[in-house]
Amino acid sequence: MPDQKILASLNHQFGIEGQLQFRTVGGLIMAEITSEHAQATIALQGAQVLSWVPNGQQPVIWLSDDATFTPGKSIRGGIPVCWPWFGAHPERDDYPAHGFVRAADWEVIETSVLGAGQTKIVFRLLQQKENAAFWPHNTELELQVIVGSTLELNLITRNNSSEAITISQALHSYFAVNDISQVAIKGLEDCQFIDALDDWQRKVETDSIRIDAEIDRIYQNTKPTCVLEDTGWQRCINIETINSQSTVVWNPWIDKSVRLGDMGEGGYLNMLCIETGNIADDRVSIAAGREHCLSVCYRVEGI
Ligand code: TA6
């Protein structure tokens, strides 16, 4: 159980009357946002958005019914931050998949209400000894989250070292869908992709994407926008990105869901990951003293 004193000081320093408060769920501290625009929940561990529900809408972000909230264990669903490597570590197979920051502690450094009533909260990765083993570089990692009728995330990597660094990264978003058989992804046509289910072979997308089996693809050199069309809920989720060249599409379907063990009964039928990042050919090199900002904005509209 998180320390109540920490909770009290978080609420004192960063709480916003009637709009943002901190509480514990399981073994973790959450920021709970309720505003004129939307509701959202964000775990301090991993600075992981767990839910975003624009008022009057169905949930946009999916969280597994079997998700656990255990310190040091990544949470199934929401928007995990994959950094400074995506997938398996290039050299060390004993290092955690998708980097170490999604299960690490972050601190809150700022909260505010913006002009149109959106709620802004800014997290910074805590510099912890155990992390240095994975990543010996002098960098700073910050995530800005702006919650309103849209949801905006800005992942900022600052290279405070005297050498260039190279990272791969993703905002590993799990979207909630009414029925996986009634969705389509548009905007990745003609893009090359790496098929993680077919020996990492490179192929080219020829059409909008429909899901009727396990899918795990890393699209390269993608356009700044794509759309998740959900005819079941009669809505489109517009995904608008800045400084992102890669898009990952993932659904574990039946067998992989069983192997993962925390997807929940039939969870794969109501979620689809469309991840915004820079991976493989699109990995990012950041010069000494410079920074890189990966941004995404989700906007829902009816169809
Ligand atoms: O983003 C797709 C992917 O890399 C898949 O290969 C699958 O493993 C998924 O991420 C989930 O990874 P996790 O480590 O959270 O189980």
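Worth saying up front: this structure is predicted, and the values here are computed from it rather than measured. One is the number of the first residue; the rest follow in order along the sequence. Values reported hereafter were calculated over all heavy atoms of this structure, with side chains retained and with hydrogens, waters and symmetry mates removed.
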Are [X] and [Y] ion-paired here, with the side-chain N under 4.0 Å from a carboxylate O?
X      : Y      : result
Arg299 : Glu240 : yes
Asp207 : Lys186 : no
Arg235 : Glu229 : no
Arg124 : Glu107 : yes
Asp198 : Lys203 : yes

Worksheet item: Can you check side-chain hydrogen bond (donor to acceptor under 3.5 Å, both in side chains) on Asp282 and Gln245, steps first, answer last?
Response: CA-CA 6 Å; Asp282 303 326; Gln245 308 300 323; over 6 Å; no
Discussion item. Using a 3.5 Å distance criterion without hydrogens, assess whether the side chain of Ser244 forms a donor-acceptor pair with backbone atoms of Ser246.
Written reply: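 The answer is yes, because a donor-acceptor pair under 3.5 Å joins these two groups.
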Practice prompt. Kindly say whether Asn178 contributes a backbone atom to a donor-acceptor pair with the side chain of Asn270 at under 3.5 angstrom?
Written response: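 A pair under 3.5 Å: yes.
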Worksheet item: If you group Ile, Leu, Val, Met, Phe, Trp and Tyr by side-chain heavy-atom gaps below 4.5 Å, do Ile218 and Leu188 land in one group?
Response: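 No, no single cluster joins them.
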Worksheet item: Do the side chains of Phe86 and Ile286 join up, straight or via other hydrophobic residues, at under 4.5 Å, putting them in one cluster?
Response: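 Cluster IDs for Phe86 and Ile286 differ.
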Verify whether one side chain among [X] and [Y] offers a donor that lies under 3.5 Å from an acceptor in the other.
X      : Y      : answer
Tyr219 : Glu205 : yes
Glu17  : Gln19  : no
Asp105 : Gln128 : yes
Asn159 : Ser161 : yes
Trp253 : Ser257 : no
Tyr298 : Ser173 : yes

Greater than 12 external heavy atoms within 6.0 Å of [X]'s [atom1]:
X      : atom1 : answer
Glu265 : CD    : no
Glu301 : CD    : yes
Asp195 : CG    : yes
Arg210 : CZ    : no

Discussion item. Between Trp62 and Trp52 (judged by ring centroids, cut-off 6.0 Å), do the two rings come close enough to count as a pair?
Written reply: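 Centroid separation for Trp62 and Trp52: 6.0 Å or greater.
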